[in-house]
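So the structure is just underneath, and the comments pick up after that.
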Amino acid sequence: MSDGVGRTFFERPVLEVAPSVLGCVLVHGPVAVRLTEVEAYDGAEDPGSHAFRGRTARNAVMFGPAGHVYVYFTYGMHWCANLVCGPAGRASAVLLRAGEVVTGLEVARSRRPSARGDRDLARGPARLATVLGLGGHDNGTDLCDASSPLRFRAGARPTESVRTGPRVGLARAGDRPWRFWLDGDPTVSTYRPYLPRRRSAAPRP
DNA sequence: ATACAGATTGCCT
DNA sequence: GGCAATCTGTATG
């Protein structure tokens with residue numbers, strides 16, 4: 001494991017880990033993605049976190065040891081991936097919001113036929129999970145286990161500077177500046193503030 | 001039991 | 001920029 005990352009890397013506080021994963025590479029089968037944008041979620045302390053209301057079947061992996069992957073299903077159709085951080089039980093995690101496909105472009109394109117161009121392949125959390133082929137069966141995978149199909153490689157320290165700002169699409173605590181990205185990288189997603197969805201006027205027949 | 005909001009995306013105007 | 005798609009967790013009666 002020359003370029004692998006030990007568990008202690010993820011056991012640090014999530015606000016330390018989040019900026020340090022930028023430029024690192026997540027590999028799953030034929031596709032590898034260089035991370036360019038992430039968000040931190042800090043368990044019970046964080047009203048925006050899935051873990052805020054305590055442990056459930058869905059978020060159980062967040063409460064486990066660091067270095068595991070928390071994959072969740074949202075909006076009835078999308079999967080998103082996180083890296084569990086901090087001490088076990090803290091339930092903090094880094095949401096992988098965007099990245100650049102650096103290996104397996106052909107496979108990535110075939111998994112994202114609607115992508116306008118290569119820079120859009122992993123530009124967004126559900127898109128990133130899609131190009132990597134991540135889904136429910138990957139929930140709980142241990143990145144620090146050598147036999148895991150998922151690999152996390154430390155990247156060269158990025159030349160771009162790391163910027164911070166508010167998190168995307170959160171109704172609560174979205175204003176905490178816990179989003180981290182590589183300044184000027186074209187694969188970083190566009191910022192969208194929280195927008196309440198309009199209720200349908202009439203129920204479906 | 002029923003209602004609603006959600007760590008999103010893609011298609012439409 | 002607006003809005004539908006689609007389903008699960010959580011709140012409320």
Side-chain angles (χ1 to χ4, degrees), chain A residues 14-15 17-19 21-22 26 33 35-63 68-86 90-99 101 108-140 163-181 186-205:
Chain A
V14 66
L15 291 180
V17 179
V21 302
L22 295 174
L26 190 61
V33 170
L35 303 176
T36 60
E37 179 193 358
V38 300
E39 275 173 4
Y41 289 85
D42 201 9
E45 316 271 309
D46 180 3
S49 169
H50 286 171
F52 183 60
R53 291 167 204 288
R55 177 181 175 136
T56 65
R58 179 208 205 190
N59 65 23
V61 171
M62 291 186 80
F63 288 81
H68 290 238
V69 180
Y70 166 50
V71 185
Y72 69 89
F73 189 60
T74 191
Y75 288 98
M77 63 196 97
H78 299 303
W79 295 95
C80 298
N82 300 252
L83 310 177
V84 177
C85 298
R90 172 78 191 185
S92 62
V94 172
L95 169 70
L96 309 181
R97 282 205 56 89
V101 176
R109 288 175 185 140
S110 71
R111 286 173 173 167
R112 295 253 314 117
S114 63
R116 292 257 193 154
D118 288 349
R119 83 158 199 167
D120 272 356
L121 285 172
R123 193 175 185 231
R127 293 166 169 183
L128 187 152
T130 297
V131 298
L132 283 172
L134 298 178
H137 56 280
D138 299 295
N139 189 34
R163 305 223 12 201
T164 70
R167 295 181 290 187
V168 173
L170 286 201
R172 292 171 313 180
D175 54 321
R176 296 188 188 186
W178 288 359
R179 178 181 180 228
F180 301 85
W181 70 92
T187 65
V188 171
S189 68
T190 54
Y191 176 71
R192 282 173 293 101
Y194 168 71
L195 220 64
R197 294 165 72 190
R198 190 182 70 84
R199 275 192 48 221
S200 49
R204 239 178 65 225

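The structure displayed is predicted, hence computed values, not measured ones. A note on names: the letters A, B, ... follow the listed sequences, proteins ahead of strands, and every chain is numbered from 1. Side-chain atoms are counted along with the backbone in the values below, which use heavy atoms only and exclude waters and symmetry mates.
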Q: Might you point out which heavy atoms bring A/Ser110 and A/Pro113 nearest each other, and give the distance in Å?
A: O-CD, 3.6 Å
Dump every N/O contact between nucleotides 9-12 of chain C and the protein below 3.5 Å, one line per pair.
from, atom 1, to, atom 2, distance (Å)
C/dA11, OP1, A/Arg53, NH1, 3.1

Q) How long is the gap from CG on A/Leu26 to CG on A/Leu83, to the nearest 0.5 Å? A) 7.0 Å
Q. CG/A/Leu128 to CZ/A/Arg112 distance, rounded to the nearest 0.5 angstrom?
A. 10.0 Å
(Q) With rounding to the closest Å, how many angstrom separate the P atoms on C/dA4 and B/dC4? (A) 15 Å
**Q.** Option passing side chain to side chain contact (heavy atoms under 4.5 Å, CB included) with A/Tyr72 (candidates A/Asn82, A/Val61, A/Asn59)
**A.** A/Asn82
Q | For A/Thr187, side-chain hydrogen bond (donor to acceptor under 3.5 Å, both in side chains) partners two or more places apart | A | A/Thr36, A/Asp185
Q: With sequence neighbours excluded, tell me which residues meet salt bridge (Lys or Arg N to Asp or Glu O under 4.0 Å) with A/Arg97.
A: A/Glu37, A/Glu39
Q. How does DNA chain C read in dot-bracket, base by base from 5' to 3', with Watson-Crick or G-U pairs under 3.5 Å and | used when the partner is on another strand?
A. |||||.||||||.
Q: Select base, sugar-phosphate, or nothing to describe what A/Phe52 touches, counting heavy atoms under 4.0 Å on all strands.
A: nothing
Q) Minimum heavy-atom separation for A/Leu134 to A/Ala81, with atom names? A) CD1-CB, 3.9 Å
Q) Roughly how many Å is it from CZ in A/Phe73 to P in C/dA5, rounded to a whole number? A) 15 Å
**Q.** Rounded distance in Å between the P positions of C/dC3 and B/dA5
**A.** 16 Å
(Q) Can you list everything that forms a salt bridge (Lys or Arg N to Asp or Glu O under 4.0 Å) with A/Arg172? Sequence neighbours excluded, please. (A) none
Q: Compare all side-chain heavy atoms of A/Asp46 with those of A/Arg176 and state whether any distance is below 4.5 angstrom.
A: yes
Q: Return the orientation label for the A/Trp79 and A/Phe73 ring planes: parallel under 30°, perpendicular over 60°, tilted otherwise.
A: tilted
**Q.** Nearest-angstrom distance from the residue atom CG of A/Asp42 to C1' of B/dA7
**A.** 15 Å
Q: Spell out protein contact along nucleotides 8-13 of chain B as letters: B when the base is contacted, S when just the sugar-phosphate is, - when no protein heavy atom is under 4.0 Å; keep the 5' to 3' order.
A: BSS---
Q | Atom of A/Ala115, atom of A/Leu121 and distance for their closest heavy-atom approach | A | CB-CD2, 3.8 Å
Q.
Expressed as a whole number of angstroms, how long is the span from A/Trp79:CH2 to C/dT6:C1'?
A. 13 Å
